[in-house]
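These notes concern the structure reproduced below.
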Amino acid sequence: MKAYEAVRLYFDHAAERLGLDHSMQQLLLVPKREVQVQIPVEMDDGTLKTLIGFRVQHDDSRGPMKGGLRYHPEVDLDEVRALATLMTWKTAVVDLPYGGAKGGIGIDPRHHSVKELERITRKFTDQIHDVIGPDRDIPAPDMGTSSREMAWIRNQWEKYHGFNPAVITGKPVEHYGIEGREEATGRGVGILAYKLIGHLGRKPTQTSVALQGFGNVGSHAAKFLHESEYKIVAVGDHTGAYFRRDGLDIPQMLKYSLGNKGMLQGYREAEHITNQELLELDVDLLIPAALGGVITKANVERIRAPLIIEAANAPVDPDADEILAARGVRVLPDILANAGGVTVSYFEWVQNLQYYKWGLNRVRQELDHVLTRAFDAVWHQATAEKCSLRTAAYMIAIKRVKAATELAGMG
Ligand code: NAD
């Protein structure tokens, strides 16, 4: 299923429960602006390559738009549109004063030199600098981008508009970034996992975990869960997955991946399995933290975990979600599960606007506070409405965006 269709189905389901009429649904769904730009870039060998860059700005009724920039071969307008929409619901469900946006370029960053990536990023910024800005649309890292690209974007944007580090978040700490941004999404997954299993009367030591993805989100989630004494029995990345029934040595795997260009390939201290086998393991908690669309109608019958936390964006297709719900599997939806990143991005933006620096402890405490408040609201709504956590999260988010839209007036 195409990414946008999937996000749309989740929206429709919650909008129907809220009794939203067709015209309001259209107003909330249709993106405010979609930008597609040509990026001509000279490669290191002197050849010219023409790339296509996207920035979709979905909604700004609750504040400036916010969302990551993804460098991945599968990036296209449909995916960016879906992810921009998700950002609107994500910022609303955790109640940040933002709307939603997303951007990307369909490249594999591993196939480009650092110099090429810098040229691509600067050229892309040239094309979109007039639609982004601290009070318009604030990009951040996503798959395939990191603080390095954010520093380039800030530098390029400031050539047009002057000093203002709040134009982008996820910057290096030395460049007005915030301590704790890098770990934020993974830490957020850990905070929410603790809330979820706590509500179900379970302890970390009694909870076995399989985790797909060992990049920014996956590796920090693994670290946090390991420190909290969960039993992580499997982790994987694009090179394959690794399994040990009595628990993996996560600190050792983090070290191994760090010394191996961020990959687990060749790790020998555990059984090598496929990513598909990882998803189908008999564990208490499954955390997809890599790509979207990994749990579909094709494999859902073989998914055995009773709890799923969507650390990645859109890892469960709606038709698979329905089957999981009917089986009583609890799915903590992406718009809440991975909101730790945008929450700390918000703290970074606030700091930049105030020229005031917080310490790591304060960042962690405030993150805990925002996510706990959001989780409690979603849990309460799901209990009151007798619906899934996903529908409850969408209902809260849609209600907030609708209220802001109506209060602004339609004239
Ligand atoms: P990343 O690029 O740092 O890491 C991606 C990981 O996924 C890598 O370990 C990679 O090897 C793995 N992977 C790629 N293809 C795979 C495949 N076919 N099978 C198994 N593993 C595969 O990206 P990230 O920032 O960790 O983002 C991961 C997910 O989390 C994405 O869906 C992203 O949109 C979402 N997300 C990220 C953030 C953030 O702050 N970074 C915030 C919210 C949501």
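Counting starts at 1 for both ligands and their atoms, following the listed order.
- In this structure, atom 25 (O) of ligand 1 lies nearest to the protein heavy atom Asn216 CB, 3.7 Å.
- The nearest protein atom to atom 37 (C) of ligand 1, hydrogens excluded, is given as Val217 CG2, 3.4 Å; this is a heavy-atom distance.
- Ring planes of Tyr160 and His129: parallel class, angle under 30° (limits at 30 and 60°).
- Heavy-atom contacts from other residues, nucleotides or ligands closer than 6.0 Å to NZ of Lys49 number 12 or fewer.
- Residue nearest to atom 28 (C) of ligand 1, selected from Pro315, Ala289, Ala311, Ser219: Ala289 (by heavy-atom distance).
- For atom 34 (O) of ligand 1, the nearest non-hydrogen atom of the protein is Arg70 NH2, 2.6 Å.
- The aromatic rings of Tyr394 and Tyr10 sit tilted relative to each other, their planes meeting at an angle between 30° and 60°.
- When Thr343, Asn275, Thr239 are ranked by how near their heavy atoms come to atom 20 (C) of ligand 1, first place goes to Asn275.
- Residues Asp317 and Leu9 fail the side-chain proximity criterion, which asks for heavy atoms closer than 4.5 Å.
- A parallel orientation is assigned to the rings of Phe375 and Trp379, their planes being inclined by less than 30° (bins at 30° and 60°).
- Of the protein's heavy atoms, His238 ND1, 2.6 Å lies nearest to atom 11 (O) of ligand 1.
- The closest heavy-atom contact to atom 33 (C) of ligand 1, among the options Asp142, Leu264, Val344, Leu83, comes from Asp142.
- For ligand 1, the atoms lying closer than 4.0 Å to a non-hydrogen atom of Thr185 are 38 (C), 39 (C), 40 (O), 42 (C), 43 (C).
- Note: no N/O pair closer than 3.5 Å links Lys102 and ligand 1 by distance alone.
- A perpendicular orientation is assigned to the rings of His58 and Trp89, their planes being inclined by more than 60° (bins at 30° and 60°).
- Remark: Arg244 engages Asp246 in a salt bridge, criterion side-chain N to carboxylate O under 4.0 Å.
- The number of heavy-atom neighbours closer than 6.0 Å to NZ of Lys357, taken from other residues, nucleotides and ligands shown, is above 12.
- Residue Phe214 has at least one nitrogen or oxygen atom sitting less than 3.5 Å from a nitrogen or oxygen atom of ligand 1, judged on distance alone.
- Atom 29 (C) of ligand 1 has Ala290 O, 3.2 Å as its closest protein atom, hydrogens excluded (heavy atom only).
- Using modelled atom types, one side-chain atom of Lys66 and one backbone atom of Ile138 make a donor-acceptor pair closer than 3.5 Å.
- Of all atoms in ligand 1, listed by their number and element, those nearer than 4.0 Å to a heavy atom of Gly144 are 2 (O).
- Considering backbone and side-chain N/O of Gly218, none are found under 3.5 Å from N/O of ligand 1.
- When each of Val80, Leu29, Leu77, Val56 is tested with Tyr4 by the rule side-chain contact (heavy atoms from CB on, under 4.5 Å), just one qualifies, namely Leu29.
- With Trp157 as the aromatic partner, Arg154 does not meet the cation-pi criteria of under 6.0 angstrom to the ring centre and within 45 degrees of the ring axis.
- With hydrogens left out, the protein atom closest to atom 18 (N) of ligand 1 is Leu291 CD1, 3.3 Å, a heavy atom.
- Regarding atom 35 (C) of ligand 1, its nearest protein heavy-atom neighbour is Asn313 ND2, 3.8 Å.
- At the top of the distance list for atom 8 (C) of ligand 1, counting protein heavy atoms only, stands Gly215 N, 3.7 Å.
- Contacts between Arg181 and ligand 1 below 4.0 angstrom, taking non-hydrogen atoms only, involve the side chain exclusively.
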